[in-house]
Amino acid sequence: MESLERQGHDSSAQPGRRPRVRRNVTASIAEDICAERYPSGSTLPRENDLCEMYGVSRTVIRESLKVLESKGLVRGKPRIGTTVCDKDDWNILDQDVLAWMGPYIADFDILGSILEARRTIEPAAAEYAAERATAREIADLESAWQQMRDSGDDPEGFTEADVTFHKLLLGASHNQVFRRLSSAMHAGLKYALHASNVAAHSRDEAIAVHGELVEALRMRDRDAARACTHRMLDLAARDLAVERRLDKGRKANPETPRSVASRR
């Protein structure tokens with residue numbers, strides 16, 4: 001612990017930037033935690049040192065630490081200071097936490113975990129939706145699919161429509177737990193879908209199978225709906241595998257481009 005504490009206070013490990021906007025201060029501390037400049041179990045610098053590092057008041061530092069504590073990254077202890085929590089305690093489905101992980105997100109295998117959760121939930125949700133979805137919900141799903149189809153070479157627009165589609169699908173199951181899970185997984189789902197969409201050489205297969213799922217729901221075909229969902233998830237698994245290989249290549253060679261899709 002002593003060596004970790006020294007690392008937390010070692011000036012060579014501290015960031016050189018001095019953001020003055022409160023949100024930037026919170027993000028900067030969080031990003032340093034994600035980068036393991038402050039490893040789990042280590043103690044952050046004292047408030048006065050953080051004020052000096054970031055050029056802000058103690059009030060700003062305290063508010064930033066409260067935000068980080070609310071998301072599970074740190075914990076304040078009397079007479080000890082602010083300690084970095086174990087990664088298992090982090091709220092990994094929080095939009096801010098995912099953004100702070102940034103280039104380190106692959107090291108947490110969150111995308112793989114989200115895919116496993118989707119394999120458990122979405123095929124069942126699609127079956128229920130084939131039975132229970134209203135005409136309005138099916139029309140909304142078709143609209144989201146059309147936005148995916150019409151997004152062209154805009155991976156950001158495609159991802160937004162893709163996220164909307166999958167949220168609507170869980171809602172159309174009329175299962176209250178699935179609907180709650182949709183809200184809880186929203187941020188993580190967005191990152192997972194974006195990673196697979198950007199890694200894909202072509203989004204044509206994904207567009208086709210989403211359209212087939214809409215038709216299966218319209219025809220009230222439970223088996224076809226489940227089968228379409230499994231095919232979607234197989235495509236996502238394939239694309240995430242590509243992204244992992246690219247990520248390894250980027251670490252070995254920082255000049256490696258993100259993907260073919262991102263260059264279009």
Side-chain angles (χ1 to χ4, degrees), residues 1-118 121 163 167 177 179-195 247:
M1 175 65 75
E2 182 180 351
S3 62
L4 288 175
E5 290 181 356
R6 283 201 300 270
Q7 183 172 353
H9 288 83
D10 184 357
S11 60
S12 65
Q14 311 307 331
R17 53 192 180 279
R18 293 165 59 91
R20 295 183 178 275
V21 178
R22 182 174 305 161
R23 182 173 180 83
N24 287 351
V25 173
T26 306
S28 294
I29 297 172
E31 288 163 7
D32 288 331
I33 291 172
C34 293
E36 296 194 334
R37 294 189 180 94
Y38 306 126
S40 298
S42 67
T43 303
L44 294 183
R46 295 171 299 180
E47 280 186 5
N48 287 342
D49 294 331
L50 290 171
C51 291
E52 177 63 25
M53 289 163 54
Y54 295 106
V56 295
S57 68
R58 294 180 68 180
T59 299
V60 171
I61 292 298
R62 287 175 180 173
E63 291 183 4
S64 292
L65 295 179
K66 284 180 181 178
V67 171
L68 296 177
E69 187 163 10
S70 72
K71 298 177 187 293
L73 272 69
V74 302
R75 183 177 297 111
K77 298 181 180 179
R79 296 186 297 277
I80 294 178
T82 302
T83 304
V84 178
C85 295
D86 188 272
K87 292 174 183 177
D88 289 342
D89 296 326
W90 297 6
N91 183 359
I92 58 170
L93 294 182
D94 182 275
Q95 180 73 42
D96 290 332
V97 175
L98 287 166
W100 295 332
M101 287 178 181
Y104 311 102
I105 196 167
D107 299 333
F108 292 81
D109 197 31
I110 291 171
L111 303 182
S113 296
I114 291 171
L115 181 59
E116 288 179 356
R118 292 178 63 200
I121 296 166
V163 171
K167 287 187 66 181
V177 174
R179 284 179 170 177
R180 289 288 184 180
L181 289 172
S182 173
S183 298
M185 290 178 60
H186 176 262
L189 180 62
K190 182 175 181 178
Y191 270 78
L193 291 173
H194 183 265
D247 185 65

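Keep in mind that what you see is a predicted model, and the values were worked out from it rather than measured. FYI, side chains are in, hydrogens and waters are out, and symmetry mates aren't considered; it's all heavy atoms of this structure.
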Nearest 0.5 Å, please: how far is [atom2] in [Y] from [atom1] in [X]?
X   : Y    : atom1 : atom2 : result
E47 : S64  : CD    : OG    : 10.5 Å
L65 : R75  : CG    : CZ    : 13.5 Å
L50 : L44  : CG    : CG    : 6.5 Å
R62 : C51  : CZ    : SG    : 8.0 Å
I29 : I61  : CD1   : CD1   : 4.5 Å
L93 : I110 : CG    : CD1   : 7.5 Å

Is the closest side-chain heavy-atom distance between [X] and [Y] below 4.5 Å?
X    : Y    : value
R118 : L193 : yes
I92  : M101 : yes
Y54  : N24  : no

Shortest non-hydrogen separation from [X] to [Y] and the atoms involved:
X    : Y    : value
E31  : W100 : CG-O, 3.7 Å
D86  : D88  : OD1-N, 2.9 Å
I114 : G188 : CD1-O, 3.2 Å

Just to verify, what does K71 make a side chain to side chain donor-acceptor pair (under 3.5 Å) with, not counting sequence neighbours?
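D94, D96.
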
- Would T82 and L68 satisfy side chain to side chain contact (heavy atoms under 4.5 Å, CB included), going step by step from the backbone distance to the final call? CA-CA 10 Å; T82 302; L68 296 177; over 6 Å; no

Check: S40 side chain, C85 main-chain N or O, donor-acceptor pair, under 3.5 Å:
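Between the backbone of C85 and the side chain of S40 there is a qualifying donor-acceptor contact (under 3.5 Å).
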
- Can you pull the ring pair (Phe, Tyr, Trp, His ring centres under 6.0 Å) pairs that have at least one residue in residues 71-94, sequence neighbours excluded?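 Non-adjacent pairs meeting ring pair (Phe, Tyr, Trp, His ring centres under 6.0 Å): W90-F108.
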
